Amino acid sequence: MPKIFEYFGFIFYFYSNEHEPIHVHVLHGGKESIFDLIMMNGLLVDVVVREKRGAEPLSEKDKHTATAFIHKYHKNIIEKWIKFFVMKQAVRSTNIKKKL
């Protein structure tokens, strides 16, 4: 379960046996939601939030924060997805200390 980003208490991570579409799990305050990155012609066109079965979902405010983060860092998320799932290489977590 590689952690890919930390951002002011938000943890962004993949499970080790993921599937497409490219998505990231976001944990904050013991709550968790899943964010699908919807791509078209190599561009991010949408971020779709879905709930993780058995987990309390993020608050609307936290979903908004996570979505904004994903829009800003989507290229890094995709690079880490490819590195981990396609190239089978380890990925490092990045701690973002600058507010969006």
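The model shown is predicted, which means the values in this text are computed figures rather than measured ones. Computation of the quantities below employed the complete heavy-atom set of this structure, encompassing side-chain atoms and omitting hydrogens, waters and symmetry-equivalent molecules.
No chain of hydrophobic side-chain contacts below 4.5 Å, direct or via other Ile, Leu, Val, Met, Phe, Trp or Tyr residues, connects Val24 to Ile34. At a threshold of 4.5 Å between side-chain heavy atoms, the hydrophobic network of Ile, Leu, Val, Met, Phe, Trp and Tyr places Leu37 and Ile96 in one connected group. The hydrophobic cluster containing Ile11 does not contain Val26, counting ILVMFWY residues as joined when their side-chain heavy atoms lie under 4.5 angstrom apart, directly or transitively.
Contacts classified as side-chain hydrogen bond (donor to acceptor under 3.5 Å, both in side chains) and involving residues 35-53 (residues at least two apart or in different chains) are given here: Tyr15-Lys52, Glu32-Lys52, Ser33-Glu51, Asp36-Arg50, Glu51-Lys63.
Note: Lys31 NZ to Ser59 OG = 6.0 Å, rounded to the nearest 0.5 Å. In this structure, Leu44 CG and Met39 CE are separated by 5.5 Å, a value rounded to the nearest 0.5 Å. We find the CD1-CD1 distance between Ile38 and Ile22 to be 10.0 Å, quoted to the nearest 0.5 Å.
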Determine, stepwise, if the pair Tyr7 / Leu100 fulfils side chain to side chain contact (heavy atoms under 4.5 Å, CB included).
-> CA-CA 10 Å; Tyr7 174 72; Leu100 298 175; 3.3 Å; yes
Side chain to side chain contact (heavy atoms under 4.5 Å, CB included) evaluation trace for Val48 with Phe35 | CA-CA 6 Å; Val48 176; Phe35 295 77; over 6 Å; no
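Outside the 6.0 Å centre-distance limit, the rings of Phe10 and Phe5 are not counted as a close aromatic pair.
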Show me the side-chain donor-acceptor pairs of residues 70-87 shorter than 3.5 Å, one per line, residues at least two apart or across chains.
unit_1 : atom_1 : unit_2 : atom_2 : d
His74  : ND1    : His71  : O      : 2.9
Lys80  : NZ     : Ile4   : O      : 3.0
Lys80  : NZ     : Arg92  : O      : 2.6
Lys80  : NZ     : Thr94  : OG1    : 3.0

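More than 12 heavy atoms of other residues, nucleotides or ligands shown are found within 6.0 angstrom of CD on Gln89.
Side-chain atoms of Glu60 and Asp62, non-hydrogen and from C-beta on, never get closer than 4.5 Å to each other.
Remark: Lys3 is not positioned above the aromatic ring of Phe12, lacking an NZ or CZ atom under 6.0 angstrom from the ring centre and at most 45 degrees off the axis.
With hydrogens and angles ignored, the 3.5 Å screen pairs a side-chain donor or acceptor of His23 with a backbone N or O of Pro21.
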